Amino acid sequence: MPKPRVIYWFRTDLRLHDSPALNVALNLHPDCLYPVWTWDPHYVYRARVGSNRWQYLLECQADLSKSITELNPQSKLLLIREAPQTVFPKLFKAWKITHLVFEKDTDAYARERDGEVVKLAEEAGVKVLIKCGRTLYDPDLLVQANNGKPTMSISQVQAAAKKLGPVPRPIPAPTSLPSPGDTSLPFSQSKPAPSPDLNSNHRSTTDESYANLAGPNNDFAIPTLHELGINEATTPHHGGETLALQQLDKILTNKTYTATFEKPKTAPTDFEPQATTLLSPHLHFGSLSVRQFYWGVQDTIAVYHGTPSTPPTSLIGQLLFRDMYFGAQASLGHAFSHTHNNPQCRFIPWHLPSTISPATNRPTDTYTIDSPQAEEWFSRWRDGRTGFPFVDALMRQLRTEGWIHHLGRHLLACFLTRGGCYISWERGAAVFEEFLLDHEVACNAGNWQWLSCTAFYSQYYRCYSPVAFGRKWDREGRFVKRYVPELEAYGEKFIYEPWKAPRADQRKWKCLVGGDGMSIEENGVKVYPKPMFDFGERRDVCLKGMKKAYEVGLYGDDERVLDGRWRELFGEDDVGDTGGESGQVGNDDVEADEDGQGHEPSARKGKKDPASGKGKGKGKDGHKREASQSTLDGMFTRNKKKK
DNA sequence: GATGTAGTTGTCCCT
DNA sequence: AAGGGACAACTACAT
């Protein structure tokens, strides 16, 4: 029996510590070990990746390669610029490989790709060893323990996890690594088709990713952003196992923080330092092992003198949610990433729905503009110029830094979907995919479904207010001012609703409120956009739409959703009325509205039918509210245009 | 099967 | 000024 010659294929596991798959490879006691990364065109062109995440990936790779070389000066990460499906058969032959080892990836695309690679390996007589290491539990086993069904609630995850037994303890990093053998590449490179390139908006120079199989110097080096044609990154957050372990250590050192963490009590407005761990990008790239984190927290809790927090809001709870989304995706596959054909996802007639390809019966990269108004709202949301300072601040933080607090993501998602624009969650998910450093297919799709109340969560009447939510955490608006600096001089009273500030004050504070955010300065004075709609009105429209859609009760796999007959079940008014012209307050010119008082959003207008609720006790409190409500209505409907 | 209860992460008004 | 209660009113799960 010849000694094993192993390719270790790095993908979702850019680390040496606690890598079950790497451990399996080393336990083969191989004659040689090739640490390989293949530059998969799917992620280069077909997934949405902005410059910040590109940089983060390269940093993870560089740190890993350095650590490999520290263990063995003959070794490093061998970065090969070709699709795995075409390059592996050639490598197997050239390097006389006996084993291919990698960490299991249950993302829908990855499963298809890995299936092909496994088949090619078998054809080449190469043994394949796959080990789960990306989540607390193997998502497929989690699904199995959940009676074969997708994990759709945290209690299901906890029950299934109980059957699977305790999370394995982390494995220490290896202290030595075998050298690779001969690394010559006696074959030609198959270049991928570079189009369509979903990341062209992040490139400003020529893309040379695939110029040479082993890079410009033929040394398997990690590319630079420049070689990829990608613009310079702007994020302060950096990747790599070394940083990840330092960051984890820092968190665990603060025992009270670790043991009593409660997500809902962390402030989305905190910056420097942020209120949460910022470990999610490290978990995404595998530069931090999730089990290392898990046991670090559990061991801290075990000796903590005090009452520790518990799932679902604790740090452990956060990791369980992550496993829940992985379990849902593992079970549902591609369908989990969209509504179409997804049996767990409610059908809501959102604006800007994904276009379905008849050939693949899956959504394409494009969507239908069913409403020019919705398209305008979408682009203003995406650019951070909605006119709601907290929304825009979060969006700008996301775009420049690649990370925002979880609750900030909630607000953005609620605002775009059921609590404002009534636009498909799939549009928002695509934007988060582009900009988030920690973008994880399963978690992103899952969280967007959660917040849009299409799956996992259903309390659509709980609607985030773009004004009150930020103010609750940060009265003075320090966070807003950091990311929307044109509002620097605005005080507590108007920082979350600058359109209410009197014109004279707007001038004094050197920032006028008006327009749609396309101009940021006029005659030397800064300009911040007017809110793009009256939030109170939009909330009412959305709530009504959601109520109707819940009554209709269609899911993504319903025949009537697939063939368009769903329209028969909704009235004209139920399809997310964008309010035509009456709902819009964004296009007035800067000098309009001199007193600054005209666009007070209407308070929620009187409940349609306060008496008919199945409610117990709508008692005196209700009456009081009615009374004060009508007063407010009298005040605020004054300037409203008629429908 | 009916009924009751709890659900990671709201808002508003009141004290 | 933090904190409690009413309110919105659906779904999953337990009994």
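Chain naming here is simple, since letters A, B, ... match the order of the sequence lines and numbering starts at 1 in each. It should be emphasised that the depicted structure is a prediction, and the values quoted were computed from it without experimental measurement.
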Between dC12(B), dC10(C), dT8(B), which nucleotide gets closest to the side-chain atoms of Lys263(A)? dT8(B)

Contact list please: residues 461-476 of chain A against DNA chain B, heavy atoms, distance less than 4.0 Å, in numerical order. Arg462(A), Cys463(A), Tyr464(A), Ser465(A), Ala468(A), Phe469(A)

Is it true that the NZ or CZ of Arg382(A) lies under 6.0 Å from the centre of Phe378(A)'s six-membered ring and within 45 degrees of the ring axis? yes

Under 5.5 Å between ring centres and under 30° between planes: does that hold for Tyr550(A) against the base of dC10(C)? no

P atom, dA6(C) versus dT8(B): distance in rounded Å? 23 Å

Counting only heavy atoms not in Lys265(A), do more than 12 sit closer than 6.0 Å to its NZ atom? no

Which of Trp425(A), Tyr464(A), Tyr457(A) passes side chain to side chain contact (heavy atoms under 4.5 Å, CB included) with Leu451(A)? It is Tyr464(A)

What integer distance in Å separates Asp540(A):CG from dC7(C):P? 18 Å

Find the distance Gln459(A):CD to dT11(B):C1' and express it as a whole number of Å. 14 Å

How close or far is atom C1' of dA1(C) from atom CD of Glu492(A), stated in whole angstroms? 12 Å

Can you spot which of Arg399(A), Met395(A), Arg396(A) makes a side chain to side chain contact (heavy atoms under 4.5 Å, CB included) with Asp383(A)? Arg399(A)

Within less than 4.0 Å of OP1 or OP2 of dC10(C), is there a side-chain N or O belonging to Arg346(A)? no

Separation of dT9(B) P from Leu451(A) CG (nearest whole Å): 11 Å

Let's test your reading of the pairing rules: Watson-Crick or G-U wobble, both distances under 3.5 Å, then write DNA chain B as a dot-bracket string with ( ), [ ], | and dots. .||||||..||||||

Return yes if some donor-acceptor pair links the side-chain N/O of Arg427(A) with the main-chain N/O of Leu352(A) below 3.5 Å, else return no. yes

Which residues pass the side chain to side chain contact (heavy atoms under 4.5 Å, CB included) test with Thr277(A), sequence neighbours left out? Ile251(A), Tyr257(A), Leu279(A), Phe293(A), Leu315(A)

Atom-to-atom span, CD of Gln158(A) to P of dA6(B) - whole angstrom: 16 Å

Once the angle between the rings of Tyr550(A) and Tyr460(A) is folded into 0 to 90°, is it parallel (under 30°), tilted (30 to 60°) or perpendicular (over 60°)? tilted

Pull out every protein N or O sitting under 3.5 Å from an N or O of nucleotides 12-15 of chain C, one pair per line with the distance.
residue	atom	partner	partner atom	Å
dC13(C)	OP1	Ser153(A)	OG	3.4
dC13(C)	OP1	Gln156(A)	NE2	2.9

For Tyr460(A), answer base if it contacts any base atom (sugar-phosphate contacts may also be present), sugar-phosphate if it contacts only those atoms, and nothing otherwise; contact means non-hydrogen atoms under 4.0 Å. sugar-phosphate

Can you tell me the distance, in whole Å, between the CZ atom of Arg539(A) and the C1' atom of dG10(B)? 10 Å

So does Glu488(A) pair up with Lys481(A), basic N to acidic O under 4.0 Å? no

Return the residues of residues 398-420 of chain A meeting this criterion: a heavy atom under 4.0 Å from some atom of DNA chain B. Order them by number, or give none. His406(A), Leu407(A), His410(A)

Taking NZ, NE, NH1 and NH2 as the nitrogens, is one of them in Lys493(A) or Asp505(A) under 4.0 Å from a carboxylate oxygen of the other? no

Return yes when atom CD of Glu551(A) has more than 12 non-hydrogen atoms of other residues, nucleotides or ligands closer than 6.0 Å, and no otherwise. yes

Do NZ/NE/NH1/NH2 and the carboxylate oxygens of Lys500(A) and Glu497(A) come within less than 4.0 Å? yes

Atom CH2 of Trp450(A) to atom P of dC10(C): distance rounded to whole Å? 18 Å

For this output row, return yes or no: ring centroids of Phe533(A) and Phe415(A) closer than 6.0 angstrom. yes

DNA chain B-proximal residues of residues 138-145 of chain A, any heavy atom under 4.0 Å: none

Mark yes when over 12 heavy atoms from residues, nucleotides or ligands other than Arg478(A) sit less than 6.0 Å from its CZ; otherwise mark no. no

What is the distance from CG of Leu543(A) to C1' of dA9(C), rounded to the nearest Å? 10 Å

On the six-membered ring of Trp566(A), is Arg560(A) placed so that its NZ or CZ lies under 6.0 angstrom from the centre and within 45° of the ring axis? no

Ion pair present between Arg385(A) and Asp392(A), side-chain N to carboxylate O less than 4.0 angstrom? no

